[in-house]
Amino acid sequence: MIQYIPAKTIVTKTKTSTWFGIDYNMNIYKGCCHGCIYCDSRSDCYRIQDFDQVRAKEDALRIIRDDLRRKVKKGVVGTGAMSDPYNPFEKELNLTRHSLELVDAFGFGAAIATKSTLLLRDADILECIRDHSPVLCKVTVTTMDEELACRIEPGAALPSRRMDLVSHLRARGIFAGILLMPVLPFLEDSQENILAIVRAARQAGARFIYPAFGMTLRDSQRDWYFRKLEELFPDRNLAIRYGKTYGNRYECHCTNAKQLWKCFSLACEQAGILYRMQDIICAYKRGYEQQNQQLSLFDI
């Protein structure tokens, strides 16, 4: 049974809209049960105790309704930044689904990040939102090696199923693509892995792939990650290798990041897949700019 935690507000203004053109963040749940060994949300700065336990925000739908009603400016509401909005509890609670219905009713756009195929359930609402505002679906895939994925993301859908999700969304005309992040140094940083993802994304009809060739490490999250590396890959001395390569750095770029970017960008160009942030934002918002300006005039 899920626990509920109090909240005063849920839909908050972003500090910048350069991240996929998102204007507002909406996190209905706290914590995540995917068990990804690399998750930055485990860091102390986020103050999430018992991170693997999913909790829902109490009276979330009323709070979201009131938050949206108070917004003077329409925009894109993003969800999935701190916890996956499609955790197993969502299947019955429908909090994400009903929140998207509110997003639709108040004339906002939606941007969703997930590793769950449950997203497809709400494609009908996304189609309604798309009639008046931009819609963006970001599905995280960092490897097509399903054995490796089961180790590092034990609670998430298999990569092949996530690619199927993208394919189904695209078949319904929804702007969807891949978040290729993080790319774990010494585990996923091969050209073979990157090109396999591009090939699978092309077959799925993905509109974009946005990469980060490396990962972040800090405080308790670093400790957690190193313990998991020792547990899952006991013969590879990966924690020691990370320590020697990166020390206590927060940003841990793949040592061959330049080579990976070169082969990745070339493969995306050949496949007709967008991979630069500004191009992705322009593509999924195309056709809505004038409409949003007109709506803003009425809001005034």
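Everything quoted here is computed from the prediction, not taken from an experiment. What you see below is based on every heavy atom in this structure, not just the backbone, and it leaves out hydrogens, waters and symmetry mates.
- The minimum heavy-atom distance linking V198 with A267 is given by the pair CG1-CB, 3.9 Å.
- In this structure the side chain of K115 never reaches within 4.5 angstrom of the side chain of V139, judged on heavy atoms.
- Residue pairs meeting the ring pair (Phe, Tyr, Trp, His ring centres under 6.0 Å) criterion with at least one member in residues 80-115, sequence neighbours excluded: Y24-F108.
- When all heavy atoms are compared, the tightest approach of D40 to Q221 is OD1-OE1, 3.7 Å.
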*Decide side chain to side chain contact (heavy atoms under 4.5 Å, CB included) for E153 and T142; before the verdict, give the C-alpha distance in whole Å, the side-chain angles of both, and the deciding distance to 0.1 Å.*
CA-CA 10 Å; E153 306 165 339; T142 67; 3.5 Å; yes
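- Once rounded to the nearest 0.5 Å, the distance linking CG of L274 with CG of D279 reads 6.0 Å.
- In this model, a donor atom of one side chain and an acceptor atom of the other lie less than 3.5 Å apart for Q53 and Q3.
- Taking every heavy atom of both residues into account, D44 and D219 meet most closely at N-OD1, 2.9 Å.
- D23 and S17 are not linked by any side-chain donor-acceptor pair at a separation below 3.5 angstrom, with hydrogens and angles left out of the test.
- Under 3.5 Å, the side chains of T143 and E188 contain no donor-acceptor pair of N or O atoms.
- Other residues, nucleotides and ligands place no more than 12 heavy atoms under 6.0 Å from the NZ atom of K91.
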*Residues R227, D223; criterion salt bridge (charged side-chain N to carboxylate O under 4.0 Å, His left out); working and verdict*: CA-CA 6 Å; R227 286 198 301 271; D223 297 336; 5.4 Å; no
*Using the salt bridge (charged side-chain N to carboxylate O under 4.0 Å, His left out) rule, take E101 and R65 through it: C-alpha gap first, then chi angles, then the decisive distance, then the call.*
CA-CA 10 Å; E101 290 173 338; R65 180 201 65 194; over 6 Å; no
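- Within the cation-pi definition used here (under 6.0 Å to the ring centroid, within 45° of the axis), R241 qualifies as a partner of F186.
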*Please walk me through it: do R97 and D124 pass salt bridge (charged side-chain N to carboxylate O under 4.0 Å, His left out)?*
CA-CA 10 Å; R97 180 174 177 83; D124 58 330; 2.9 Å; yes
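- Between H34 and A156 the shortest heavy-atom distance is ND1-CA, 3.7 Å.
- For the pairing with Y210, the ring-ring contact (aromatic ring centres under 6.0 Å, His included) check across F20, Y275, F264 returns one residue only, F20.
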*Evaluate side chain to side chain contact (heavy atoms under 4.5 Å, CB included) for N87 paired with L118, printing each intermediate quantity in order.*
CA-CA 8 Å; N87 60 71; L118 184 57; over 6 Å; no
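- Inspection of the D84 and S116 side chains reveals no N or O donor paired with an N or O acceptor under 3.5 Å.
- Atoms OG and CZ, on S43 and F51 in that order, are 9.5 Å from each other to the nearest 0.5 Å.
- A 4.5 Å side-chain heavy-atom check between L119 and C137 finds at least one atom pair inside the cut-off.
- At least one side-chain heavy atom of I48 sits under 4.5 Å from a side-chain heavy atom of R55.
- Side chain of R170 to main chain of G205: a donor-acceptor pair is present (N/O by atom type, distance under 3.5 Å, no hydrogens or angles).
- Under the rule for a side-chain contact (heavy atoms from CB on, under 4.5 Å), the partners of T14 that lie at least two apart in sequence or sit in another chain are I22, N25.
- For the atom pair CD1 of I2 and OH of Y4, the computed distance is 6.0 Å after rounding to the nearest 0.5 Å.
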*Evaluate side chain to side chain contact (heavy atoms under 4.5 Å, CB included) for L68 paired with V77, printing each intermediate quantity in order.*
CA-CA 10 Å; L68 292 173; V77 179; 4.2 Å; yes
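- Salt-bridge check for R218 with E251: failed, with every basic side-chain N at 4.0 Å or more from each acidic carboxylate O.
- A salt bridge links D59 to R62: one of the charged nitrogens lies within less than 4.0 Å of a carboxylate oxygen.
- Of all the heavy atoms in I129 and P134, the pair that sits closest is CG2-O, 4.3 Å.
- Nearest heavy-atom pair, L179 versus A113, reported as atom, atom and distance to 0.1 Å: CD1-CB, 4.4 Å.
- For the side chain to side chain contact (heavy atoms under 4.5 Å, CB included) with K57, the qualifying choice from N27, I64, I63 is N27, the only one to do so.
- A ring-centre distance under 6.0 Å is not found for F208 and Y284.
- Taking F233 as the reference, nothing meets the ring-ring contact (aromatic ring centres under 6.0 Å, His included) condition, with sequence neighbours excluded.
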